[in-house]
Amino acid sequence: MLCRRLVLVPRILLLSPGGTLTTPLLSCERSFSGGSDRRKVSSYKDRLSSGIVGIKKDDAVALFQTMVRSRPLPTVIDFNKLFTAVAKTKQYDLVLGLCKQMELNRIALDNYTLSIVINCFCRRRQLGFAFSVMGKTLKLGYEPNTVTFSTLINGLCLQGRVSEAVELVDRMVEMKVIPDLIILNTLVNGLCLRDRLSEAMALIDRMVDIGCQPDAFTYGPVLNRMCKSGNTASALDLFRNVEHRKVKLDVVTYTTVIDSLCKDGSLDDALSLFNEMETKGIKADVFTYTSLIGSCCSFGKWEDGAQLLRDMITRKITPDTVTFNTLIDSFVKVGKLTEAKEWFDEMIKRGIGPDTITYNTLVYGLCMENRLDEANQMLDLMVSKGCDPDIMTFNIIINGYCMAKRVDDGMTLFRKMSMSGVVANTVTYNTLIQGFCESGKLNVAKELFQEMVSQGAHPNIVTYKVLLDGLCDNGELEKALEILDQMHNSKMELDIGVYNIIIHGMCSASKVADAWDLFCSLPLRGVKPDVKTYTIMIGGLCKKGSLSEAGLLFKKMGEDGIAPNDCTYNTLIRAHLRGSEISKSVELIEEMKRCGFSADVSTIKIVMDMLSDGRLDKSFLDMLS
DNA sequence: CTAGGGTTAG
């Protein structure tokens with residue numbers, strides 16, 4: 001069933017079929033208080049047991065201080081409970097800081113605390129520190145257990161170093177620690193993260209062979225990877241298969257597939273899987289609802305999205321920041337800024353804190369409506385609420401300035417941003433380079449491109465497209481062709497968009513013959529012309545006065561299976577009007593109308609001009625509408 | 001206590 005040689009598998013799995021993989025966790029609980037005096041410690045005890053899920057930074061620090069000052073001292077287990085809760089909120093720096101404080105207060109960390117520290121370093125991609133904590137664990141005389149190892153193995157996997165993770169499993173076995181289901185699941189996850197799906201599946205088969213029953217955690221990452229690669233159908237197949245083999249799937253696996261169906265636009269299928277899950281007694285959670293709400297909104301079913309949110313509140317499934325962000329984003333995307341603002345107020349009313357993404361989304365909405373002053377006020381608001389703007393925030397406003405033809409203001413903000421320590425990325429530079437190109441300041445655009453390279457922000461295909469377009473529009477076709485040459489020599493994958501820009505540039509520079517040669521060479525270059533390519537080329541031929549050639553290309557386009565759009569028709573119609581080929585333009589207009597397109601602004605302008613100087617009859621206007 | 005899922009920009 002599988003080819004062992006190709007598959008990365010720890011040695012123990014190849015050597016010990018039929019062996020058991022379960023091992024009890026070592027008990028390392030050590031008490032400082034001896035458990036005698038319970039009265040004085042009740043406040044932090046209550047706090048730890050009454051729920052510290054999703055604990056905020058200030059709360060965590062305050063609770064920690066109370067604990068450190070309590071006499072007798074709380075047990076390490078109590079500290080571990082706090083650290084675990086904080087780690088779950090992904091505040092790894094905070095956990096590390098608190099652990100440091102604990103040491104400074106001469107409270108000994110135990111084996112578990114050290115595992116939590118290792119996990120924090122792993123999550124922060126500081127594997128070196130993680131391994132030295134492992135060394136410290138040994139030096140303190142603790143036996144590393146499966147938790148210590150699984151944490152480190154996960155750290156390696158998160159960095160994409162799966163082979164080393166497998167080696168570590170082998171070393172762990174040498175140290176007489178038997179890999180358990182969690183370790184193997186971690187490896188499966190590591191393989192999935194590197195998109196090595198077939199190896200992951202093979203490892204799962206090996207697990208089954210040696211009697212280690214996979215669970216929802218085993219299949220979760222596999223399903224997720226399939227879904228993220230756009231393969232919902234395969235994921236659904238695997239899902240049904242696993243379900244059929246009586247592996248108990250959980251809310252996460254269901255939600256993974258539900259989300260993928262939502263992303264594919266199969267909202268009905270997603271909803272029926274949601275119902276199926278609930279029927280089986282698996283309760284949907286905030287992730288499930290958030291996916292469904294997002295999908296409803298993308299279909300324009302706002303009331304349904306809002307209703308789902310109300311449902312979840314009724315069912316005591318508390319919506320979080322992401323849930324509101326999803327809803328707010330959907331409203332912003334369709335320009336319903338008022339509704340977005342209402343939901344923003346609602347989330348504040350419910351005590352759910354907006355985050356950078358919430359503010360970015362609202363800033364984006366304001367910028368789209370050219371309300372730049374309000375966007376800047378929103379920026380001030382987020383700063384005043386202690387929510388740090390990130391590169392996305394700045395990119396959105398800079399883009400807003402560029403679209404409002406205020407590239408210089410965009411540049412000022414860019415400099416301010418850099419002073420505040422936020423580092424520009426490729427999108428930032430692309431936006432500004434485009435802004436300068438469109439305002440005709442080609443030299444500034446070129447300088448910025450140089451700055452981008454020297455700052456280590458990698459230009460991508462979009463950067464080049466923006467630059468090529470700018471050069472072509474500003475009469476520097478030769479320079480554009482030089483860059484195109486460089487791009488051919490680089491490893492960059494050129495798409496049809498790049499060629500559309502160049503062909504368009506050639507046509508604008510009245511080099512229609514060159515454009516035609518390039519157009520004809522596209523198949524050789526492995527690039528397929530799209531509707532824009534044909535339209536640009538048709539426009540070029542029209543400009544040259546070769547209406548008949550343009551007509552032939554229009555015909556060929558249809559034969560090549562590319563459907564013309566409104567731009568194609570309007571280009572041809574204008575050319576025929578200019579060439580006084582009235583009857584042909586009437587023919588084209590009727591065909592265009594049959595396709596559901598209509599005359600654009602430029603076409604209407606020509607028609608008006610021709611009506612006023614009498615070259616066209618009034619009946620033409622009726623036919624047009 | 002260690003492994004899998006949902007939101008933003010050119």
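Chain identifiers are assigned alphabetically (A, B, ...) following the order of the sequence lines, protein sequences preceding nucleic acid strands; residue numbering begins at 1 within each chain. Since this is a predicted model, take the numbers as computed values, not measurements.
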With sequence neighbours left out, what residues match A/E278 under side chain to side chain donor-acceptor pair (under 3.5 Å)? A/R315
A/N241 meets the side chain to side chain donor-acceptor pair (under 3.5 Å) criterion, sequence neighbours left out, with A/R245
Checking only heavy atoms, does the side chain of A/S291 share a donor-acceptor pair with the base of B/dG6 at less than 3.5 Å? no
Pairs where residues 221-242 of chain A contributes a residue and the test ring-ring contact (aromatic ring centres under 6.0 Å, His included) is met, not counting sequence neighbours: A/F239-A/Y254
So, under a plain 3.5 Å distance rule, would you say the side chain of A/T255 forms a donor-acceptor pair with the base of B/dG5? yes
Return the nearest nucleotide to the side chain of A/N185; candidates are B/dG6, B/dA9, B/dA3. B/dA3
Could one point to a donor on the side chain of A/N395 or the base of B/dA9 with an acceptor on the other under 3.5 Å away? yes
What is the nucleic acid contact for A/I357, judged by heavy atoms within less than 4.0 Å: base, sugar-phosphate only, or nothing? base
Tell me which residues in residues 326-335 of chain A put a heavy atom below 4.0 Å from DNA chain B, sorted by number, or none. A/T326, A/D329, A/K333
Check if the side chain of A/T323 and the base of B/dG6 share a donor-acceptor pair of N or O atoms closer than 3.5 Å. yes
Between B/dA3 (P) and A/I204 (CD1): distance, integer Å: 18 Å
Sequence-distant partners of A/K81, side chain to side chain donor-acceptor pair (under 3.5 Å), two or more places apart: none
Do A/N325 side-chain and B/dG6 base share a donor-acceptor contact under 3.5 Å? no
Using a cut-off of 4.0 Å on non-hydrogen atoms, how would the nucleic acid contact of A/D355 be classed: base, sugar-phosphate, or nothing? nothing
Ignoring hydrogens and geometry beyond distance, is the side chain of A/D250 in donor-acceptor contact with the base of B/dG4 at under 3.5 Å? yes
Hey, can you pull the residues of residues 116-124 of chain A with a non-hydrogen atom under 4.0 angstrom from DNA chain B? A/N119, A/R123
